[in-house]
Amino acid sequence: QVQFVESGGGLVQPGGSLRLSCGASRSIFSIYTMGWYRQAPGKQRELVATITSGGSTNYADSVKGRFTISRDNAKNTVYLQMNSLKPEDTAVYYCSAERAFPRNRFWGQGTQVSVSS
């Protein structure tokens, strides 16, 4: 069974910063697209950011300019640096690994990010 080691969630004030980390096995990390998704209460799970094995990135419009996704190949770890956090960013954040051919996807357990005064 594939397991992710996630960390970095917590409670911060508006305008603050957090960095999420997700560690995976080499066999998964080397060929899968890694990403972060989030789900707020009463809302559908949505894409936040993704990064391919080649380093190409994609961001949701709502986080462009504030969040940065990156990967450390030596540590088999993907990061999400979140700056200028807003209350609207409050959600459970999930680490994801996805492969297109053949189709496959793995999810982390989720970590809570809360932004409030």
Side-chain angles (χ1 to χ4, degrees):
Q1 183 178 5
V2 175
Q3 293 186 335
F4 299 122
V5 180
E6 297 176 291
S7 63
L11 173 65
V12 297
Q13 296 184 31
S17 298
L18 284 174
R19 189 179 77 160
L20 305 183
S21 299
C22 176
S25 66
R26 184 181 68 84
S27 61
I28 293 297
F29 193 83
S30 63
I31 63 172
Y32 282 63
T33 291
M34 303 297 298
W36 291 96
Y37 293 72
R38 67 186 182 187
Q39 186 167 21
K43 301 291 185 67
Q44 291 185 306
R45 187 174 298 185
E46 64 177 0
L47 178 147
V48 177
T50 61
I51 183 167
T52 68
S53 59
S56 297
T57 59
N58 184 49
Y59 297 91
D61 288 341
S62 59
V63 307
K64 286 181 178 178
R66 299 189 298 121
F67 292 9
T68 302
I69 189 170
S70 62
R71 60 194 295 158
D72 186 330
N73 294 331
K75 296 181 178 180
N76 298 320
T77 301
V78 62
Y79 304 94
L80 184 68
Q81 179 65 47
M82 304 183 292
N83 298 326
S84 302
L85 283 162
K86 306 174 181 179
E88 308 94 271
D89 296 318
T90 295
V92 176
Y93 284 68
Y94 298 89
C95 182
S96 171
E98 184 174 17
R99 177 181 64 190
F101 306 105
R103 183 74 165 85
N104 204 4
R105 165 166 266 168
F106 301 99
W107 294 98
Q109 79 284 354
T111 184
Q112 179 70 49
V113 171
S114 298
V115 185
S116 69
S117 299

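No experiment lies behind these values; they were computed from the predicted model shown.
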Checklist entry - Measuring from Arg105:CZ to Glu98:CD, what's the distance to the nearest 0.5 Å? => result 3.5 Å
Next on the checklist: Val115 vs Met82, test: side chain to side chain contact (heavy atoms under 4.5 Å, CB included). Steps then yes/no.
Outcome noted: CA-CA 11 Å; Val115 185; Met82 304 183 292; over 6 Å; no
Checklist entry - Where is the tightest heavy-atom contact between Ala97 and Ile28, given as atom of each residue plus distance? => result CB-CG2, 3.7 Å
Next on the checklist: Main chain of Thr52, side chain of Arg71: is a donor-acceptor contact present, judged purely on distance under 3.5 Å?
Outcome noted: yes
Checklist entry - Mind checking whether Val92 and Tyr79 sit in one hydrophobic cluster, side chains of I, L, V, M, F, W, Y counted as touching below 4.5 Å? => result no
Item to check | Heavy-atom side-chain proximity of Tyr32 to Phe106 below 4.5 angstrom | outcome: yes
Item to check | Heavy-atom closest contact (Phe4 atom, Cys95 atom, distance) | outcome: CE1-O, 4.1 Å
Item to check | Exam field: side chain Thr57 to backbone Ile51, donor-acceptor pair closer than 3.5 Å | outcome: no
Item to check | Heavy-atom side-chain proximity of Ile31 to Ser53 below 4.5 angstrom | outcome: no
Checklist entry - Do side-chain atoms of Gln112 reach the backbone of Gly9 as a donor and acceptor pair under 3.5 angstrom? => result no
Checklist entry - With side chains defined as the heavy atoms from C-beta onward, is the minimum distance between Ile69 and Met34 less than 4.5 Å? => result no
Next on the checklist: Count I, L, V, M, F, W, Y as connected when their side-chain heavy atoms are under 4.5 Å apart, and connections chain through other members. Are Tyr59 and Leu20 then in the same cluster?
Outcome noted: yes
Checklist entry - Tyr37 vs Trp107 aromatic rings, parallel, tilted or perpendicular, using cut-offs 30° and 60°? => result perpendicular
Item to check | For the student: nearest non-hydrogen atoms of Arg66 and Leu85, plus distance | outcome: NH1-CA, 3.9 Å
Checklist outcome for this item: For Asn83 and Ser17, the nearest pair of non-hydrogen atoms, with its separation, is OD1-OG, 2.9 Å
Checklist entry - Can any side-chain N or O of Glu6 pair as donor or acceptor with the backbone N or O of Thr111 at less than 3.5 Å? => result no
Checklist entry - Going hydrophobic residue to hydrophobic residue with side-chain gaps under 4.5 angstrom, can you get from Trp36 over to Tyr94? => result no
Checklist entry - Do Arg38 and Val63 come close enough that some side-chain heavy atom pair is under 4.5 Å? => result yes
Item to check | Closest heavy-atom pair and its distance - Phe29, Asn73 | outcome: CE2-OD1, 3.2 Å
Next on the checklist: Counting neighbours of CZ on Arg26 that are heavy atoms of other residues, nucleotides or ligands and sit closer than 6.0 Å, is the number greater than 12?
Outcome noted: no
Item to check | Rounded distance (nearest 0.5 Å) linking atom CG of Asp72 with atom OG1 of Thr77 | outcome: 6.5 Å
Checklist entry - Has Gln13 got more than 12 heavy atoms of other residues, nucleotides or ligands less than 6.0 Å from its CD? => result no
Checklist entry - Which atoms form the tightest heavy-atom contact between Gly8 and Leu18, and what is the distance? => result O-CD2, 3.7 Å
Checklist entry - Charged N to carboxylate O below 4.0 Å: is that the case for Lys64 and Asp61? => result yes
